[in-house]
Amino acid sequence: MRISELSPDIRASVSSGGGGGGGGGDKQPLLEEIESVVREAERASSPENLPSNSLSDKLRKSLSGLKSSASPLPDPLKLQIWKLSYRLWNACVDLSNAAGLRRREGEDEQEEQARLRQVAADLLFLAGKPAGVPSPAFKAASFFYKTGQIWHDLKRFDLASACFEKATDLTSDAVIDGDDERRLVLDLNLARSRAAWGVSEQDLALNLLNRSKSLIAGSPEAYRAVAEQYLQFGRQNLTKDPKSSEASSKLLSEALNLSEKGLAAAAAAAGEETLISSLEVLRGKSLRFLAAARLQAEDFEGAMKCVRVLRNGGGGTCGRDHPSVAYVAMKAWLGMGKAAEAEAELRGMVVDRGVPEGVCVSAAEAYVQEVGAEAARGALAALLRRCRLGAEAALRVVQRVAGGGGGGVRSRVAAELASDEAVVAIFEAAPKERQAMHALLWNCLREYGTSADVFEKSMLYVPCDAEYRTHRAKCFRVLCLCHVALSQLDRAFEYICEAEKLEPNIASAFLKFKVYLLKKDDNGAIDQLQSMLSCVDFKPEFLTLSAHEAVSNQNLPVAVASLSTLLSLYSSLNKQPTRTPEAIVIRNIVSLLDRQLISTTTTTPEILKLMKRARARMLDIGTDGFFGMGVAKREVRWFAGNAWNMGIKTADCGDYESGAEFFELASEFYFGTDEDDDEEKRAMACKSIILSIATRFEGEKKKEDLPDSVLKRATEMFNQAQTVLSSTELPPSFAFLHILNAYQLHGRLDSDPRPKQVQLIKNFASSKASSPHYLLQLGLTASVRSQPNPEAAELALNECLSGHLASPSPDYKTIGLVIRRLIGLAGWSRKEGTDDEVYGIYTRAYRIIVGLKAGEYPADEGKWLATTAWNRSGPQVRMGQVGAAERWMKMGLDIARHVNGMDGYIECMEDTLSGLRKIGGGGGGDGEVDMGCGVTRPQTPITL
């Protein structure tokens, strides 16, 4: 709304500025701020020149200041606010017009304009009803209504609803005076209804829409507006939820009823020709969509009623001639089982140039689906012969005829339609569609039974002379294909054998191979591969084709044999027989063998052999020469990765020798490229070497010792890995394996490996890769091998124990194992002070146990410590060393007091220790202990 739209009595007041007297001085600075921002908006020549959000934010802040004031606004200030509101609104109008001329406006600019309009409306609302302004409530409501429409267009339904509701509040108590105000109230109701529908509040939307009917008051324009809204809701409901056809019908019926009432009202008025025309169009739309809704509800009679009304002029000229009318009529006739009437409708659509081709094709699809291809042949032929019909549409029709079941009948009809000269001409300038039509006919017209009979009878007219040998061989091959398609493999085999006798060429040999495959005769198929080599017209590509054929039949052994035969040609011909590089052939064979490895391990030697061949060829002719320029890096990584995976698979299956070889091959492939700066490649090569050596040592546990040649090669690989490790950091697990390999190599090759082994463990214990778990493994390795190293084992186990004890959550089961193994290691030594060393370990164990909760230390380990400590006193008792025996008994008793499950032993142990002390206090003994039962007997060990 512009200033020119105001009534004359207020226009002059607003234009003059409204004045600023009459109080309200405290609000004047806020109004000046608002006016300053309005000037900025007026100076902006286009929406993109508006500062983003800043103007609306400033206005909103000033508006909040005005609202917070408790004093009422005097009329002069109200008029000034009205002036500012209209100036701001007019600035927004100018900006919108500028954007419309440029035909571009970003979403951010639109939102900023909507915010500015919102502020303009809020200013009017704040100003209230100044004296001398007619219908201020409706003018403010108009601002909110138009702002709400903008928010609705921006899909901001919450803001739109808020504007519409505020406008409704402004008009609810006001007296409606005139058609404009009544129309505004109607538009508000319709807008609120649209907003509610947009947020899926359909009940509220329909309630508001029903209220709108009371505001029509005989206005044809109002009838049209409400009817359009019913039509819009009905269409949306029908599209969104096809199952709710009844609800859609009600909405569309209401739209039809209102449009007819509007036509009656417009006819009674003079000079409403334009409005009558638009109402007729509206009635036609309502009838068409109502017909579609009835059709969807399978009310075919109802749909036809709508069609009859339309054709009798009920929807005007546009409604009668609309393409959807004939389509709905055809579908309705089909639904009522009247195929003749439906065909007449379809033919009418075909000859009517005003009906789009897409509608004709959809109608043809529906017609064929209902009556069948044979019955639809005439109408379809007429449709396809339309010269302007595109190739894509013609293909779609033939495809619908040929598909969907029906067997040979549909195939014959499709062939007849496609062979029409007019149809063929359509495809001359459309190569893509022409190829698709060829594929469609080739795949759908497979009447192999009939074809076989025809070919067999046709051979009666082919002489048996030598001149026709090639012709007869072709016929036999075609007959073979027909019987293969019919799964009559024995007959197919007979025919291909006859063809091979007449003309032993590669085509016959390959077809025989295919029959062997289908018969699941693997040996026959593999032998046939060799027969193919002897054909005069043999080409190596047939071996690749044979491999593909075998893979498609899920016959991997034959596929491997095909590619292996091809691979043998690379060596025998001493050149590349096909465009496929030798590396790709090897890779494909390895992939197929790897798939077979899921069920059997017999393919492992073959894979290893092929991998070695690839590695040898790579070294022989170079990486780029073997794998190909541009792809060498990718191919080398594939072979390296596959060798790594095979190493893991075979090692997991217990084939450590093959696993070690695969890992060694992986390292050689990773080292095979010239990318020395590739950190990942160096790391993987180093890992492969480490796993190869570790796998060989693991395999040694189950077989004889490794020969010197293997140890020598392992040493070379170890030194290679050591060189790489100087510039590459490995994960802790591989660093540990590397140290373990070094430890074992020293044990095999050095005359006195113990010092070097101890130093290895010292270095590892101080490295970042060290962990209690790895140190335990080293300690166990050093203590249980055929050549133990007690010093190395003790060092590793002590470091392991310290690491566990320093952990926030120690693993006391492992700690118990380490303590038991340390006690065992100390027992190996026969040097002086060994008993004190062992006693120190027990003391350390006791200190660990004392600080724990009940049951935290493993009970079996605690019982073992208590029992072995107690039993160590036996030799001292027998030798009369009461003091030493008492020390061990006390250790066993002290430990037992902190171990669950030893309550039954503690009392006996205490009695025995007390008796021993009496003997000790008596000044000696002869090895016997008084048990307190009146009998002296030797001390006996405790067993658990």
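Position 1 is the first residue of the sequence; numbering continues from there.
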- request: Show your reasoning for whether side-chain contact (heavy atoms from CB on, under 4.5 Å) applies to L395 and E392.
  value: CA-CA 5 Å; L395 174 64; E392 185 177 353; 5.7 Å; no
- prompt: Hey, mind stepping through L610 and L593 against side-chain contact (heavy atoms from CB on, under 4.5 Å) and telling me if it holds?
  reply: CA-CA 10 Å; L610 289 165; L593 290 171; 3.7 Å; yes
Steps toward side-chain contact (heavy atoms from CB on, under 4.5 Å) verdict (R696, I693): CA-CA 5 Å; R696 290 194 185 279; I693 300 172; 5.8 Å; no
- request: Tell me, with the steps shown, if I526 and V558 meet side-chain contact (heavy atoms from CB on, under 4.5 Å).
  value: CA-CA 6 Å; I526 292 173; V558 176; 4.3 Å; yes
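When every heavy atom of G659 is checked against every heavy atom of T650, the shortest pair comes out as CA-OG1, 3.2 Å. Shown here for A391 and A430, the closest heavy-atom pair between the two residues is CB-CB, 3.8 Å. A559 and A547 get closest at one heavy-atom pair: CB-O, 3.8 Å. Across all non-hydrogen atoms, the minimal contact from I607 to D594 is CD1-N, 3.8 Å. Here the closest non-hydrogen pair linking A509 and E500 is CA-OE2, 4.0 Å. L569 approaches P577 most closely through the heavy-atom pair CB-CG, 4.0 Å.
N505 is listed as a side-chain neighbour of R477, based on a closest heavy-atom distance under 4.5 Å. Counting heavy atoms from C-beta outward, E635 and F626 have side chains that stay 4.5 Å or more apart. When side chains are defined from C-beta on, E606 does not count as touching S564, because their heavy atoms never get closer than 4.5 Å. Using a 4.5 Å cut-off on side-chain heavy atoms (C-beta onward), I496 and F510 make no contact. The shortest distance between side-chain heavy atoms of R637 and K681 falls below 4.5 Å. Residues D655 and E657 have side chains in contact (heavy-atom distance under 4.5 Å, counting atoms from C-beta outward). Counting only heavy atoms from C-beta outward, the side chains of F300 and M304 never approach each other to under 4.5 Å. Side-chain contact check for E494 versus R491: some heavy-atom pair is nearer than 4.5 Å.
Between the S591 side chain and the R587 main chain, a donor and an acceptor come within less than 3.5 Å of each other. In this structure a side-chain-to-backbone donor-acceptor pair under 3.5 Å is present from D537 to I506. A donor-acceptor pair is defined here as one N or O able to donate and one able to accept, closer than 3.5 Å; such a pair exists between the side chain of N588 and the backbone of I584. Proximity of a side-chain donor or acceptor of N645 to a complementary backbone N or O of G641 within less than 3.5 Å is detected. A donor-acceptor contact shorter than 3.5 Å is absent between the side chain of S667 and the backbone of A685.
Ring centers of W644 and F663: under 6.0 Å apart, within the cut-off. Side-chain rings of F542 and F513 stay apart, their centers remaining 6.0 Å or farther from each other.
Comment: K519 engages D490 in a salt bridge, judged by a side-chain N to carboxylate O separation of less than 4.0 angstrom. Comment: D620 engages R617 in a salt bridge, judged by a side-chain N to carboxylate O separation of less than 4.0 angstrom. For E498 and K501, the salt-bridge test passes: some basic side-chain N is under 4.0 Å from an acidic carboxylate O. Ion pairing of E503 with K474 is absent here, as no side-chain N (NZ or NE/NH1/NH2) approaches a carboxylate O to less than 4.0 Å.
Interatomic distance, OH of Y516 versus CZ of F493, reported as 3.5 Å (0.5 Å rounding). Rounded to the nearest 0.5 Å, atoms CD1 (I690) and OG1 (T695) are 11.5 Å apart. We find the CE-CZ distance between M684 and F671 to be 11.5 Å, quoted to the nearest 0.5 Å. Rounding to the nearest 0.5 angstrom, the gap separating the CG atom in L566 from the CD atom in E582 is 9.5 Å. The structure places CG of L517 at 6.5 Å from CD of E549, a figure rounded to the nearest 0.5 Å. For the atom pair OG1 of T578 and NZ of K539, the computed distance is 12.5 Å after rounding to the nearest 0.5 Å.
Residue F639 forms a ring-ring contact (aromatic ring centres under 6.0 Å, His included) with just one option from F662, F627, Y670, and that option is F627. Checked options E661, E664, E668; the residue passing with R615 is E668 (criterion: salt bridge (charged side-chain N to carboxylate O under 4.0 Å, His left out)).
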